[in-house]
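All remarks here apply to the structure that follows.
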Amino acid sequence: MKKIIVWLRRDLRLHDHPALWEASQQGIVIPVFIWSKEEETHLHSSPTSKWWLHHSLYALQKTLFTKGISLIIRSGNNSLHVLKTLVEETGADSLYFNERMEPDLYLRDQLILKELNLIGIKTRCYCTNQLVHPSQIVNKSGGPYKVFTPFYKRLLKEFIPRPFPIPSNLRGLNQKIDSLFIEQLDLLPIINWDQKLHRHWIPGEVWGITQWTSFLSKSISRYQQDRDYPYTEASSALSPYLASGDLSIRALWYAALRFKEQHDELEGQVDAFLRQLAWREFSYYQLWHHPSITEHPLRESFREFPWNSHIEQKMDSWKKGKTGYPLVDAGMRQLWETGTMHNRIRMVAASFLVKHLLINWTEGAKWFQHTLVDFDLANNAMGWQWIAGTGFDSAPYFRIFNPIKQSEQFDQDGEYIRRWVPELSKLSAPYIHRPWEAQAELLKAAGIVLGETYPNPIVDHQMARERALKAYSTIKG
DNA sequence: TCGCTGTTGTG
DNA sequence: ACAACAGCG
């Protein structure tokens, strides 16, 4: 009987796991997780992703245990080496895994496939992190799409492979193989700031599925109308499960389609959700075709952009949610507290950093990477380039989000601000959107001393807007 | 003033 | 866990 190592990565789940499914059909399954921090640098530098991974691993270990299978955990700085050792220890003859699409990891994996083939191991790897493999979609001239809408139209015509079922009977190895304890990977922070993440998130496949069903029953019926309003909490809250691979994109895609068939009246709502999944798809598509987008602007002309260079103080205010713009601050504090930020507020806060403060988007991307529980290399890079106007299908340079107007429009009564910026909670709308314009008596009654209990704006909106337009006009075209 | 020690704050 | 620091002999 075949002995197959199933190398688990950002796919700690049983549903839609082609490598695990195929292995379960063909022989003995040896599931292995390898923590290789030198290779997975973008994961390593993200304490929130590591926290998620820790708990995700626990969840999977438990699930596998109930099926009589033990998860082997190893660490090392060279996955190839670890895998070779495991082949020797287990006598495995095959290695199956699901592809990872991050450029550096993809190259590493190709090398691993080659090296293991050389020593007579049968290898298979499967595309599962994308709806459709990025190389499969090209425009009429044979190149990659640069604009989302045509890409999306094309994607809808593609055949998207159906998700794989959960393997029902897994055969494990009789022999006991050494494994580390999950704790030994040191994924959790030393000081227990992660306690607050526990209040908002439960990692793992099971809770991902729970979140999906609760989204279907509670919010999807008003998704299209409500998703832009941060206080309604109408978003799906599925992003960390997708980013970690606890949920499969294809499983979600097909589940959404099935739901749409059963609820004709919600077609528009479900389509709005599918479109969001397609944005994720588009970001991996772009990362595949332009691996440098995580570091460099996609548009060459931006290499010379006059970004601010003395940024420390402003960066610090932004990170801490002390810019003096309530909506921006509310978002930044939600991020710090919960590891997530409402999508619309991400756009406002990111735009503020890039356009009002003229700070290079890569600085913002680094902070999001550090703090986001749903950090995703491709999504993050694309999102920031979109906001900065440095990507292909980006916000035009002259679109500068007005943090006050956005606040008035999407948080009209200031409830979201009140929740995350408690020192403003006694100030009513409309002044909660722009406290610096409130009369002295109003501020006093609300217990606010600008510059003390809540900062004055660190930059003037009108001045910043003109400055940004001027800076952007230098590289236009 | 030095060095020890307990406290505080920290992603 | 660890560094920075205040308080103390």
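Labels below follow one simple rule: chain letters A, B, ... track the order of the sequence lines, proteins then strands, and each chain is numbered from 1. In what follows, every heavy atom counts, from backbone to side chain, and hydrogens, waters and symmetry copies are set aside.
The interatomic distance linking A:Lys320 (NZ) with B:dG11 (P) rounds to 9 Å, in whole Å. Protein atom CD of A:Glu337 is 13 Å distant from nucleotide atom P of B:dG11, rounded to whole Å. Going from atom CD1 of A:Ile190 over to atom P of C:dA3 covers 10 Å, rounded to whole Å. What separates CD of A:Gln334 from P of B:dG11 is a distance of 20 Å, to the nearest Å. Computed from coordinates, the A:Leu335 CG to B:dG11 P distance equals 14 Å when rounded to whole Å. Computed from coordinates, the A:Asp316 CG to B:dG11 P distance equals 11 Å when rounded to whole Å. Protein atom CG of A:Asn192 is 13 Å distant from nucleotide atom P of B:dG11, rounded to whole Å. Taking atom CD1 on A:Ile191 and atom P on B:dG11, their separation rounds to 6 Å, with Å as the unit.
In plain terms, the two heavy atoms of A:Arg13 and A:Asp246 that are nearest each other are CB-O, 3.6 Å.
For the salt bridge (Lys or Arg N to Asp or Glu O under 4.0 Å) test, no residue two or more places apart in sequence or in another chain qualifies with A:Glu205. Applying the side-chain hydrogen bond (donor to acceptor under 3.5 Å, both in side chains) criterion to A:Glu38, with sequence neighbours excluded, gives A:Asn77.
No hydrogens or angles considered: nothing links the side chains of A:Asn78 and A:Arg108 as a donor-acceptor pair under 3.5 Å.
Nucleic acid contact for A:Lys196: base, since at least one base atom lies under 4.0 Å from a heavy atom of the residue.
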